[in-house]
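As structure tokens, the structure follows; a few thoughts come after it.
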Amino acid sequence: MKKKGLASVVLAASMMLAACSGGTTQETTQAPETTAAPETEAETTEEAEAAGGTYEITAAGYGGEMQVTVTIADGAVTDIALGENHESKVVIDRAFPLIRERILEAGTPVVDSVSGATFSSYAVKWAVGQAMAEAGLEVEEITMATAGPEKEAVTLDDVETDIVVVGGGPAGLAAAITAKETNDAANIIVVEKMDILSGNGKFDMNFYDLINSEAQKAAGNEKWTVNQVENFIEAKSSAGDTPERVAVWAEQENQLDAWLRGMGVELDYNYSNMNHMAKEDQYAGEVIQEGMEKRAYELGLDIRTGTKGTDLVMEDGRCVGVTVTNNNNESYTIKAKNTIIATGGFCSSKELLAEYAPGYEVLNTSNQIGTTGDFVKVFEANGFKMEHMDNVRVFPSIIVPNRDLTGGADLDILVNKEGQRFIDETIETLERGTAIQAQTSGAAFMLTDGTGYDSFYRIRKHVDAGYFKQADTWEGLAEELGIDPAGLTETIEKFNAAAEAGENDELQGAPAARPFDAEGPYYGARIEAANHMTKGGVSCNEKAQVLYEDGTPVEGLYAAGEVTWQSGGYSQSVSFGREAGKQAATTLE
């Protein structure tokens, strides 16, 4: 017996739920107080216990509609299957097995969501609750706040290991893998506070600053394949890192492509100097993350997700481990000969942003939700050197509401709801973010044309995914986006006239590269500027050792990635993760 139910959960400040049973549809502007069964379903306990069937539920996940099939037999949920969906693959592939296991084990959708996949988890839990209601089973209201029962706090015995890595993102995994490859006898524990591994790198299109790659060799990119280390050092000499760290960084980047390929990660598309994607139409981050996770498990690393590092254990100025608390509310100390911190930055902490980078706290973030600066105050309390804490990188355009990084077309402009441009589009700083917020409803729209669509993969991907509205005319696009058509038409005509005449653009101060296409299609999406990464953090030397305020190294403690001060980003995090792992493995007593 198969029963079909349609439910739509719009995850916004005001939720829209739609449920379909028996051919009727009911819509409300907020979540119902209870998820009740239709009147036509069984009402007695005996009938409910005998309830069964397969229910096809459509819920709205983070990326749009999500198809969930729920099997109920003898009054219990016996299976949950995920069908067509638009969730980020690198998230849902890791999160769905966990949320499915939790629900089946508990016999109810009243369980904790998978951290790092909150919206996707909620959609699955809601779908199961809807199926149970349609089967005549009792189930409490499922909301974003729904969680499993509170767990009693427990303190466990200490654990001992050779190396503990705190953080399971690109830097942490690179550190743990390299440590094990350097010293196979080493016992290594990796703790990650989220329920799934990987930091923000898994979403990145570009793996930049890579040299001596097979893709560069194939492209004849000689600057980065001949005398590439020297060229890299020269290019980064004024970036802000010490010369010693730049030299190590260069050597690591020189080896990185071969190391990644050794675990099956092939970055075969090189575009513009040191930038790399997996393929011309495939992001680098998802491939790198998959390869590093696979390698970490192959090496037999002790990986503990849902486990948050809370403090360092210091004895006579030396770090001898870290305290942790897991999802079961169990706290314990991991005693280690060497500790590596790779917990990311603090883009997701409004409080820390307001303290260290005042003004940036008003922006949303494109970074993953785990970037809450957990060890900032720990570092300060121990007298470690902190650098450039006010340095925040703003990404100019992320899509509202799903936060995907977008842009890159050869021509685009920003307009407000009145159809008017309001800022020089080349500005990619906090000024851009606050200018957008100052517009009507805080709304800004990025617009491009068919030539822009063809010019860059990221735009093509987002248009094809339905994140952009499209129309054959500017008036039609304005109506799709909620922009004043007359205002937009006037803006486009003025922009094109100036571009065709070679006159300076009134906002950018230089002639536009070209006018917009004379004919559609045209594309647009609501965007905002967002904090992409915090650049400041704890200071480290070229061996990735954490430094005290006087510049001396903290024995037994290393750090890598966005938790540290570094001038670069993704590949630099992996590079110094590898350096930290190598140093930690070779200095074991």
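Quick caveat: nothing in here was measured; it's all calculated off a predicted structure.
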Using the salt bridge (charged side-chain N to carboxylate O under 4.0 Å, His left out) rule, take Lys202 and Asp93 through it: C-alpha gap first, then chi angles, then the decisive distance, then the call.
-> CA-CA 12 Å; Lys202 63 181 177 292; Asp93 285 355; over 6 Å; no
Would you call Arg304 and Val324 a side-chain contact if the rule is heavy atoms closer than 4.5 Å?
-> no
Leu267 vs Ser213 side-chain heavy atoms within contact, under 4.5 Å = no
Can you find a pair of side-chain heavy atoms, one from Phe456 and one from Met205, that are under 4.5 Å apart?
-> yes
In terms of the angle between their ring planes, are His388 and Trp565 parallel, tilted or perpendicular, with boundaries placed at 30° and 60°?
-> tilted
Please work out which of the three classes, parallel, tilted or perpendicular, describes the rings of Phe207 and Tyr570, given edges at 30° and 60°.
-> perpendicular
Side-chain contact, heavy-atom cut-off 4.5 Å: Trp224 with Asn270?
-> no
Student check: side-chain heavy atoms of Glu579 and Glu251 closer than 4.5 Å = no
Going by heavy atoms in the side chains, are Glu181 and Leu299 under 4.5 Å from each other?
-> yes
Which word best sums up how the rings of Phe379 and Phe375 line up, parallel for under 30°, tilted for 30 to 60°, or perpendicular for over 60°?
-> tilted
Classify the side-chain pair Thr371/Ser348 by whether it contains a donor and acceptor separated by less than 3.5 Å.
-> yes
Are Asp112 and Lys151 ion-paired here, with the side-chain N under 4.0 Å from a carboxylate O?
-> yes
Residue pair Gln289 / Val90, side-chain heavy-atom distance below 4.5 Å | no
Salt bridge (Lys or Arg N to Asp or Glu O under 4.0 Å) with Glu555: which residues, sequence neighbours excluded?
-> Arg318
May I have the step-by-step check of salt bridge (charged side-chain N to carboxylate O under 4.0 Å, His left out) for Glu214 and Lys217, ending in yes or no?
-> CA-CA 5 Å; Glu214 295 301 314; Lys217 294 173 185 175; 3.2 Å; yes
Hey, are Glu562 and Thr534 close enough side-chain-wise for a donor-acceptor pair under 3.5 Å?
-> yes
